[in-house]
Amino acid sequence: MDLTQYATTLGSYLKAKWGVPVHKVSVNGAFTCPNRDGNKGIGGCTFCNNASFSPSSKLIDPVAEQIVLGQQQIRKRKPAEKFIAYFQAYTNTYADIDYLKQLYDSALTQPGIIGMSVGTRPDCVPDRVLALLASYQQQGHEIWLELGLQSARDESLARVNRGHGFAEYEDAIQRAHAYGLKVCTHLIVGLPGELADDSLYSLDKVLALGVEGLKIHPLHVVKGTQLARQWKQGEYRPMLEQDYVRVAAEMVARTPRSVVFHRLTGTASEDLLLAPEWCRRKWTVLNAICDELARLQRLN
């Protein structure tokens, strides 16, 4: 499997830019989400497992300790020299600006760290946060703002209790670009009520806004969620593997090579995943996407 024949992957992009393989190190900043704490809603998105992270009023471990441990774990599997601190769990810009600066500064000063990737919601990126991230980029750090959109259709976002619409995303990416920031947009394929054409519509909408990166993955049904209850009651049917492969390959095929793919599928913890079963087989899915891309290329 060589996905780089068909798309620009994050790994290939970073290696070309930094000269060596660059790996992400996950950092838990003990954030919450406005869709959980009552600001926008209670309970979060229907697909979000509130027990899968452990936010608290204090850091679980200092950022420096998390990064050192993460680097050690990665180096056990592969040679690694440079890393990106990945603030992943929940909404990683949803806090006082001084707290954010403290966390981000701590991450960026650790040995081997060359940048940050910050996951958040489109309705949680005020200008002061964008200015802070832009200041790090101006210092030479690799900075990515990851915006969780999931779908460009407002009715789909309402169906999963997302708490924002496409307008908030459009505003966020335009302001991020005004600060010179690179944006990676998350899209979920297989949301309740959506078909393949809906995923392609969402892709076209974000490409039209000049997004620099994409993260695509299938919808997982995990324990402890509203989606899990809907699945058990027969109200939601997960996507078939072959359907996801076809849609993901079509999304890659219509995306310019200048756009960086951060992810093309996803898995969930073995103890949490209920469906679809095929999501446990990451490399099988990626290989199938490559095979489908090869088929599409032959047709053209």
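For the numbers below, each heavy atom of this structure counts, side chains included, while hydrogens, waters and symmetry mates do not.
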Kindly state each residue pair satisfying salt bridge (Lys or Arg N to Asp or Glu O under 4.0 Å) with at least one member in residues 69-82, sequence neighbours excluded. none
May I have all residue pairs that pass ring-ring contact (aromatic ring centres under 6.0 Å, His included) and include part of residues 168-188, sequence neighbours excluded? Phe166-Tyr169
Filter on side chain to side chain donor-acceptor pair (under 3.5 Å), then keep only pairs touching residues 261-272, sequence neighbours left out; what's left? Glu270-Arg280
By side chain to side chain donor-acceptor pair (under 3.5 Å) - contacts of Lys15 (at least two apart): none
For Asp154, side chain to side chain donor-acceptor pair (under 3.5 Å) partners two or more places apart: none
I need the full list of ring-ring contact (aromatic ring centres under 6.0 Å, His included) pairs touching residues 115-134, with sequence neighbours left out, sorted by first then second residue. none
Side chain to side chain donor-acceptor pair (under 3.5 Å) involving Thr120 - partner list, sequence neighbours excluded: Thr93
Indicate if Leu181 and Ile173 have the same hydrophobic cluster label, given that clusters are the connected sets of ILVMFWY residues with side-chain heavy-atom separations under 4.5 angstrom. yes
According to side chain to side chain donor-acceptor pair (under 3.5 Å), does anything in residues 193-206 pair up with another residue at least two apart or in another chain? List the pairs. Ser151-Glu194, Arg153-Asp198, Ser156-Glu194, Asp204-Arg254
With sequence neighbours left out, which residue pairs that include part of residues 224-242 fulfil the salt bridge (Lys or Arg N to Asp or Glu O under 4.0 Å) condition? Glu241-Arg281
Tracing side-chain contacts under 4.5 Å among Ile, Leu, Val, Met, Phe, Trp and Tyr outward from Leu195 reaches none
Same cluster (ILVMFWY, side-chain, under 4.5 Å), Tyr94 and Val183: no
Hey, mind stepping through Leu219 and Leu227 against side-chain contact (heavy atoms from CB on, under 4.5 Å) and telling me if it holds? CA-CA 10 Å; Leu219 181 61; Leu227 183 65; 3.7 Å; yes
Taking distance alone, no hydrogens or angles, what donor-acceptor pairs closer than 3.5 Å link side-chain atoms of residues 130-140 to residues at least two apart or in another chain?
{"unit_1": "Ser135", "atom_1": "OG", "unit_2": "Leu132", "atom_2": "O", "d": "2.5"}
{"unit_1": "Tyr136", "atom_1": "OH", "unit_2": "Asp105", "atom_2": "OD1", "d": "2.6"}
{"unit_1": "Gln137", "atom_1": "NE2", "unit_2": "Gly180", "atom_2": "O", "d": "2.5"}
{"unit_1": "Gln139", "atom_1": "NE2", "unit_2": "Ser135", "atom_2": "O", "d": "3.4"}

So, Asn92 side chain and Gly119 main chain: donor-acceptor pair closer than 3.5 Å or not? yes
Taking the side chain from Arg159 and the backbone from Leu191, do they hold a donor-acceptor pair closer than 3.5 Å? no
Sequence neighbours left out, what passes side chain to side chain donor-acceptor pair (under 3.5 Å) with Ser26? Give chain and number order. Gln88
